[in-house]
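Heavy atoms only: backbone and side chains are in, while hydrogens, waters and symmetry mates are out. Ligands are counted one by one from 1 in listed order, and the atoms in each one are counted from 1 as well. All residue numbers refer to positions in the sequence shown, counting from 1.
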Amino acid sequence: VRVKPKDLRLMALLAPVKEQLERMREVLAEELRGDSPAVADMTDHLGRFKGKQLRGAVVLLAGQATGNMSDEHATVAAIVELIHLATLVHDDVLDGADVRRRVACVHARWDNQVAVLLGDLLYSRAFGRSTELSSRLCSQVLSATTRDLCAGEIDQAASRYHFEMSLPEYERIAGAKTAGLYAAAAELGASYPGGTAEARSLMRAYGWEMGLAFQIVDDCLDLMGDKQTVGKSVGTDVEDGKVTLPVLHVYGEADEATRAAIRDVYTRAGLAERAVALRGTCDLTAGIERALLRARALVESARGRLASFPTSPARAALDRVGDYVLERKW
Ligand code: FPP
Ligand code: MG
């Protein structure tokens, strides 16, 4: 497999926790061992392309930056990645996506039935691992996070075609579905199993803001990116009736004729490639620019949270995660 420059950039970014990252990957590989030949077929498929593993890395970097790194951090990081993986397998069923991490989605290669069950299986594996830890904190934080994540997904589905959604409501939903797991990752890194209340709350805020910025960039990539570069299906938001931040901005500023045209692209029966059609219907650049302005402000605020920790390679890496989140193309 050709190593792309962007992967090298990520590897450099994660260098301070290289060893613990390896350990995290070992734990993940153990948990991706199949329970049966049919399961192994699917978990092998998932194990082939590991994604960015940024959430797991944040657990480790937050642990290192707060001077709180323990033997259990790699396991906590693997649990976070397993939950993320479970949600992606389910999310691709919900979104009708066909490519994820540059390979076929589980439901596309097999079917919806086994994909739903595999997501549940991965979630159970994460749950099982967390019972082996010395404290209940990981289970507590991640069960609350997963609950919010599911509620966020339900609220998102209930808000389809809602072109007049308020910006706080958009951020609440994007926060629940994505920022929450980043917040939990950073919080657990800072507090597993010890750490001060202040470090925990600062890291939680850092993770939330970084995660929200990550989702805003994700929404821009879904609208403007191409499948090849992004490595996953794009255009699914428009396809599913999700009105994301850049579209909310464009719709909010548009005249009535343009608004009607936008609604038509979202809803006209049988229309193919709705995101492409949307790009042809209105100028999305101002909406994208405004959305990215918000993402940049969130990243700046997240960086500010790091100021009270002593300088270290891990703190510098958490700072640089911001550039990566904003500049990523996949
Ligand atoms: C990605 O959003 C989706 C999520 C981060 C959360 C999905 C969560 C669920 C479906 C609940 C599953 C729950 C359990 C317990 C397994 P996106 O579709 O905007 O991003 P994408 O472009 O990466 O698909
Ligand atoms: Mg999706």
Taking atom CD of Glu31 and atom CD of Glu81, what is their separation to the nearest 0.5 Å?
13.5 Å
Side chain to side chain contact (heavy atoms under 4.5 Å, CB included) with Glu19: which residues, sequence neighbours excluded?
none
Phe214 six-ring centre to Arg328 NZ/CZ under 6.0 Å and within 45° of normal
yes
What's within reach of the Mg ion (ligand 2), meaning protein N/O/S atoms under 2.8 Å?
Asp91 OD2, Asp95 OD2
Taking only residues two or more places apart in sequence, or in another chain, which ones meet Arg303 in a side-chain hydrogen bond (donor to acceptor under 3.5 Å, both in side chains)?
Glu300, Asp319, Asp323
Contact check, side chains of Pro16 and Leu61, non-hydrogen atoms, under 4.5 Å
yes
Lys/Arg N to Asp/Glu carboxylate O, Glu256 vs Arg263, below 4.0 Å:
yes
Flag the pair Arg172 and Asp155 as a salt bridge only when some basic side-chain nitrogen lies within less than 4.0 angstrom of an acidic carboxylate oxygen.
yes
Are any of the side-chain nitrogens in Asp219 or Lys242 under 4.0 Å away from the carboxylate oxygens of its partner?
no
Polar pairs, ligand 1 vs protein, N/O only, below 3.5 Å.
{"unit_1": "ligand 1", "atom_1": "2 (O)", "unit_2": "Lys177", "atom_2": "NZ", "d": "3.4"}
{"unit_1": "ligand 1", "atom_1": "18 (O)", "unit_2": "Asp91", "atom_2": "OD1", "d": "3.4"}
{"unit_1": "ligand 1", "atom_1": "18 (O)", "unit_2": "Asp91", "atom_2": "OD2", "d": "2.9"}
{"unit_1": "ligand 1", "atom_1": "18 (O)", "unit_2": "Asp95", "atom_2": "OD2", "d": "2.7"}
{"unit_1": "ligand 1", "atom_1": "19 (O)", "unit_2": "Lys177", "atom_2": "NZ", "d": "2.7"}
{"unit_1": "ligand 1", "atom_1": "19 (O)", "unit_2": "Gln215", "atom_2": "NE2", "d": "3.2"}
{"unit_1": "ligand 1", "atom_1": "20 (O)", "unit_2": "Asp218", "atom_2": "OD2", "d": "3.3"}
{"unit_1": "ligand 1", "atom_1": "22 (O)", "unit_2": "Asp218", "atom_2": "OD2", "d": "3.1"}
{"unit_1": "ligand 1", "atom_1": "22 (O)", "unit_2": "Lys232", "atom_2": "NZ", "d": "3.0"}
{"unit_1": "ligand 1", "atom_1": "23 (O)", "unit_2": "Arg100", "atom_2": "NH1", "d": "2.7"}
{"unit_1": "ligand 1", "atom_1": "23 (O)", "unit_2": "Arg100", "atom_2": "NH2", "d": "3.3"}
{"unit_1": "ligand 1", "atom_1": "23 (O)", "unit_2": "Lys232", "atom_2": "NZ", "d": "2.6"}
{"unit_1": "ligand 1", "atom_1": "24 (O)", "unit_2": "Asp91", "atom_2": "OD2", "d": "2.9"}
{"unit_1": "ligand 1", "atom_1": "24 (O)", "unit_2": "Arg100", "atom_2": "NH2", "d": "2.8"}

Should the pair Asp218-Lys232 be classified as a salt bridge under the 4.0 Å nitrogen-to-oxygen rule?
yes
